[in-house]
Amino acid sequence: MSKDRLIYVPLGGAGEIGMNMYAYGYGPEGKEEFILVDVGVTFPSMDSTPGVDLIVADPGWIADQKDRIAGIIITHAHEDHIGALGMIFDQIEAPVYCRRFTSLVARAKMEDWNRDPDHITMVAAYPAMTKIGPFNVGIMPVSHSIPEASGLVIDTPVGRVVHTGDLKLDPNPVVGEPFDPDFFAEIASAGVKVLVCDSTNVFSRAPGRSEAELHDPIQQLVANAGGLVVATTFASNIARLKTLAQAGFDAGRSVCVLGRSMQRMLGFARDANVLKDFPPLVDLEHAQEIPRGNLMLIVTGSQGERRAASAQLANGKYLGFQMKEGDTFLFSSKTIPGNEVGVARIINDLASQGVRVIDDSVPDYHVSGHANRPDLERVHDMFLPEIMIAMHGEYRHLLEHTHIAKKAGIASEVVPNGAVADLTGHKPVIVDHVETGRIYLDGRELIGAMDGIVLERIRMATRGMVAASVILEDDAFLGAWVEVLGLPDPKSEQAELAALLEDELESEIDITPPKALRDDNEVIERLERRISHIVRGLVGKKPVVRVMLNRVEADE
Ligand SMILES: [Zn+2]
Ligand SMILES: [Zn+2]
């Protein structure tokens, strides 16, 4: 009989910032019982995943052992931790545990996918502990940028694991519990075997700044602004929504929140009673009556999303509002790598209309929700773990964070997505690698990243497409129709490309030997090759080509 072991397997989030999904298992090898921490999404890009709606870590490996998942715990309601819960719940079905505000968002995520929201159980914070399989799990409130952000205290048969979730050390985070060193000290006092720690800002060398530092500069900015003031941030950054609204209100303006996702998050926060002292807001109809110089709008679309309020305002009108010369537009957010082009487009559109734009190059109006390097070192010092595992980062973040721990004498290894780390002993040992990857939400369907669908889409987008229908009557050419999509007509020829190709198809049929003509596949292959060759010669592109062959029999 094999010995019981404690394993940690990141399925997403340890190789990218996004789509967090971490499994902890305990038991004999191959028979471990699991808890799954977070079920998040990451966002697609026009370059690598055009048309895709969302990206999720492939849960395949843990889904194959679904009956041994004792529970799912959601640390907080940011999309990169909760976004895929409803989407893939049928594959990982187990009781879901989280705090009150998170549970309201989680229930909505389940309902969006017609799943039973009663799978969600609301739990209280540490020192309350919940027995989930072989683990005793406590919710550890941490400061971040959303209400009820949590780390986890996971007591295992071989010792205590602290999973930080997303955290910063903010004594005044505006919403959510402030950082309290005594609270961490109490959790650490029992001895911490493993610290699994946020790595997002490991390259930021200055100590992190508090959310509370933003109020005065933003109030100043709004007070000195002439026309309409618009500010944008992440919909789920409720701390920032409050900071912005309070600063606008204190500068003497009426504040209106626009954008469905922001309204929705505020609604959840109100329902969960975590929005104490939120300044008064005006509704849309009211806002439209207020002179521009007395109004501040808080809108969605800080990452340049085309359909969100920021892009629409930059483009023209949105819900009756239009930007004018002398207005101010504030990005109170950091542009996520990959989104620069969309954000730059908005900035240029606004600037060309005479709007003063303040982007993330000005540090006064944005602070991160994650711990910077000196704060991470402080987290290590507070918990004094035997082992530190870096998570929530790209590979370079994990590597750097691991170096820091090792230098401080803490056993540490980089554990990227799919690596199985055995944490039973005094140092982490990578004992196995399991298959991980990404799945895409495409419309309402989940597709594998390797299914070829998106690759085909990229090919069509970059090369254009030719679709042809060819009719043969008793192996003789009867007619052809060609549709050309996304390709230019050749300048050197008089005819349109489609008409030229129709002639080419006819001549290809004419030179095809009779034996080959009887084989559909061979005919299609020859015709597709011919089209490809001709288009390449005429316009220099190698398009996606599809030929449909139809046969009719001549009347007797
Ligand atoms: Zn977060
Ligand atoms: Zn996160």
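Given the structure is predicted, the values throughout are model-derived calculations rather than measurements. As the structure lists them, so they are numbered: ligands from 1, and atoms in each ligand from 1.
In summary, the aromatic rings of Phe184 and Phe179 are positioned with their centroids under 6.0 Å apart. Centroid-to-centroid, the aromatic rings of His392 and His401 stay 6.0 Å apart or farther.
Between Arg5 and Asp432 no salt bridge is recorded (no basic side-chain N to carboxylate O distance below 4.0 Å). Looking at Lys109 and Glu79, a side-chain N of the basic residue comes within less than 4.0 Å of a carboxylate O on the acidic one, giving a salt bridge.
Take the Zn ion (ligand 1) and draw a sphere of radius 2.8 Å; the protein N/O/S atoms inside it number 4.
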Practice item. Report the C-alpha separation of Phe331 and Phe329 in whole Å, then their side-chain angles, then the decisive distance to 0.1 Å, and conclude whether the ring-ring contact (aromatic ring centres under 6.0 Å, His included) test is met. Key: CA-CA 7 Å; Phe331 282 87; Phe329 196 103; 5.3 Å; yes
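Not counting sequence neighbours, Arg68 has no partner by the salt bridge (Lys or Arg N to Asp or Glu O under 4.0 Å) test.
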